[in-house]
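Here is the naming used below: chain letters follow the sequence lines, and residue numbers restart at 1 for every chain.
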Amino acid sequence: MKRRLLTGNGAAAWAARLAGVDYVPAFPITPQTEIIESLANWIDRGEMPGRLVTLESEHSMLTAAGAAAATGVRVFSATSSQGLLYAMEMLYTVSGWRAPFVLVNVSRGLSSPITLEPDHNDILAARDSGFLQIHCATCQEVLDSVLLAYRLGEDNRVRLPVLVNMDGFYLSFTREPVEVPEAEAVAAFLPSFQAGEIRFRASAPESQAVAVLGGGPYSYFRYETHLAARIAIQVYDELADVFEQSFGRRHAAVECYRCEDADYLFVMIGSFATKARAAVDSLREAGWSIGLLRPRLFRPFPEAQVRRLLAGRRAVAVIDQNLSFGAGGVLYAELAAALYGEKAAPPVLASFVGGLGGRDIPPEEFYEIARLIRDAAERGETPPPRLLYTEAELRETRKLQAIAKVERAGLGAKS
Amino acid sequence: MTVLTSQAAMTAGDAGHPLDPELREGRIPHIWCPGCGIGSVMQAFLEAVDTFQLERNRLAVVSGIGCTGRVAGYLKADSFHTTHGRPIPFATGLKLARPELHVNVLSGDGDLAAIGGNHLIHAARRNIDLNVVCINNFNYGMTGGQVGPTTPLGAKTTTSPFGCHEHPFNLVDLVASCGAVYVARWLSMDVRRLRRSIEESFSKTGFTFIEVLAPCPVNFGRRNQLDEAAQGRMLVERSEIRNGADTREVAIPDEGPIVCGKFVDHERPSYLQLLEGLRARLQEHST
C-alpha cells in the first residue's frame, strides 16, 4: 500500500485504474475533467488496459456506458452538474437494463444562475433514477467507495449502476494523503466482473429488448429494480465488513461521529460534513453533548440504521446542501419520512439549508444551529426551516444588484 | 484601423480602448489567455455591428459554455450565456418569439459542433434567421484543452496525450450541406475580412455561419509545438483565400493550405418567410 497525495479527482481515477476497467466513455466538464484526463493519459501510455473515448455529450457518454456494461465488461465514467442532468434520460434508462457500472459525480450547483462550486442538487436530481448513491467526505473515501461501488453494483443480488459522489473543489481539487492499495489486494477484493447472464452474444440472441410493456409487466420490472436496490442495503453492510478486513478502513452506510451519548445531532452528507465534524469537536470541548450523523449511502436509503441512530436524541438538525424549491431540504424530508410514527423519534427535527453554490458554512453557524435546536428542545417545539444567509451577504448581493441596475439603465440609454 | 462611426469611437479617450464603451467594464479583465484569438473576433463583431449600424435595441447575442461563451458576458448588449450546447435553441426561441430582433450566436466549436451539434444542423436545415459565428480553437479550451470534434488527427490534447485518433469535422461543409445561405471561414487574425464578412452576414435573410479559426496557444498550441505566436503564424502562413471554393474540398488538412473565404452566398426562403407564406395562404383560403 502506497500513500500518495491525491486530489479527489485523482483518487477517483486511481480507483478506476485499480478496478481494471475495460471501457471509459468520457466528456469533459469542470470540476471533473482531471479524472478523464488522468485515465486518458494512463490508457494512451499503455499503463492501463481498456479504451477511452471522448464522446460528444454526457448523453451519448451514458448511453455508451450502459451499452458497454450490458455486454458484460467493466465500465467507468465521470461527470458533474449539468452533465449529469444532460445524461439524466439515460440514467433512468440504463438502470433498467440492470447492467452495473460506476459513475462518479463531482457535485456542482445547477443553473440558473451558473456556478462552478458545489451543492447537491445535481446528484439528488438522480435520486429516483435507479442508480445507487454513495456520498464521500474525503479523498480516501472516494477511492474506497469506487471499489466498494463495483462490488455492490456487480453483486448478483443487486445488479445496478452506482453513483459515487464527491463535492467539486472541496474534494475534486483538494489534495489529501490517500492510501492507494496494491493491485493484488484490490484484485482479491474485487475480482474481474462475473457478468453471468449479462452478456451480448450476437450469434446467439436470448431475448429481444424491443417490447413496449403494459402496466402489469412494466410494474414488475420497476418493482424488481426497487427490490434489488433495497437488498443493496444488506449487501452494502456485508461489503463494508469485507472491505475493512481487506484494507483496514471501515466505511459504514451511516457514519456516526461522537454520537454514542449525544443529546443533539447534526445530520449532513458530503464533504461539508467535515466542517460539522470540526464544530462537534469544538462544541464537545465547550461541554455540549453533540455529534454528527453522516449517511454515506443515500440510495438505497438505510432508514432502519438512521432510525436506530436517531432514537432517543433530544433534538436533531438536518443541514441540507440542496434545495427542493417549494418544499425545502431533500435530506430533511427523507429523515422525517423515516422517523414518522417512531416512538423513540427525536421530538425536534429541524431543517437548515446552506452551502449552496459552495457557500461556506462557518463554525459560528454550526454553533448557532446547535443553540437553536437546544432551545427548541427545551421549549418542545420545532423551529421553522432556516435558509443560512447572513446580513453581510445580503448587503453584498444588494450592492451587485445596484450595479446591475445602473448597467441596465446605461444599456437602455444607448438604444 | 478605426471604422467606428458611433459614439463608441468618439468617447474613447487616450487611456481607453475605442471599444471600451461597448463592453461591460466590470467584467474586464477577461479570462482569455495571451495570444488567444477570441478577443479579435469579438472586436470584429462589434465593429461590424457598428458599421452595419445595427440598432442596439434590436441586437441580441447568445453564447454557450466555453471560452467563446464568455463573449456574451463581456458585451454591453442584450446577451445570454446559456448552458453547454444550447445557444442555437435559445436563439431560435428568441427569434421566433421576437422576429424583429437581430439574433446572433457567438460560440465555440466544442459548444456548437459537439454537444450542440444537433441544433446546428437543424437550424441550418430550417434556414432559421440567425447569424452564427463559430470560433474554432480546435479543442475544449475552457476545461483545459481536451480533444473535441474539430481536433486535427494526431494533435495532442489532455485526453489524447499521444495524438488524436478521430477525424475532425469540416464545419463549413457540414453547415453548407444542411442548407445555410451564407457560409465562410476566416482566421481570427484577418480582422478586416472577418469584419466585412460578419457585416455581410447581417444583411442575409436566413441561417448564416462563419467559422473563425483561432489560435489557442496555451491549451492547444503548447501541447503541439505551437505555443506563443507559433500557432497563429502557422495559420497565417498556411491560409489561402479561395472565395467560392467547394466546401467539400476545404476540410482542414494535416499539411498544406488551409482554405479560407466566402464559400456560400445564395438565397433560399428562410424559416420565417416560409411560415409567413403559409399563414398568408391560409388567410387567403379562409377569406
Heavy-atom proximity to chain A below 4.5 Å, by part of [X]:
| X | value |
| --- | --- |
| B/Leu59 | neither |
| B/Tyr140 | side chain |
| B/Thr143 | both |
| B/Glu55 | neither |

State plainly whether the residues [X] and [Y] are in salt-bridge range, i.e. N to O under 4.0 Å.
| X | Y | value |
| --- | --- | --- |
| A/Arg17 | A/Glu47 | yes |
| B/Glu22 | B/Arg56 | yes |
| A/Arg359 | A/Glu393 | yes |

Part of [X] lying under 4.5 Å from any heavy atom of chain B:
| X | result |
| --- | --- |
| A/Ile114 | side chain |
| A/Thr30 | both |
| A/Thr54 | both |

Residue selection (most heavy-atom pairs with chain B, distance under 4.5 Å) from A/His59, A/Arg45, A/Gln82, A/Glu58: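 Most heavy-atom pairs within the cutoff with chain B belong to A/Arg45.
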Polar side chain donor-acceptor pair, B/Asn131 to B/His102, under 3.5 angstrom: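 A donor-acceptor contact under 3.5 Å links the two side chains.
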Polar side chain donor-acceptor pair, A/Asn105 to A/Asn165, under 3.5 angstrom: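 A/Asn105 vs A/Asn165: donor-acceptor pair found between side chains.
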pair B/Cys164-B/Thr157: side-chain heavy atoms closer than 4.5 Å: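 The answer is no, as the side chains (C-beta and beyond) never meet within the 4.5 Å cut-off.
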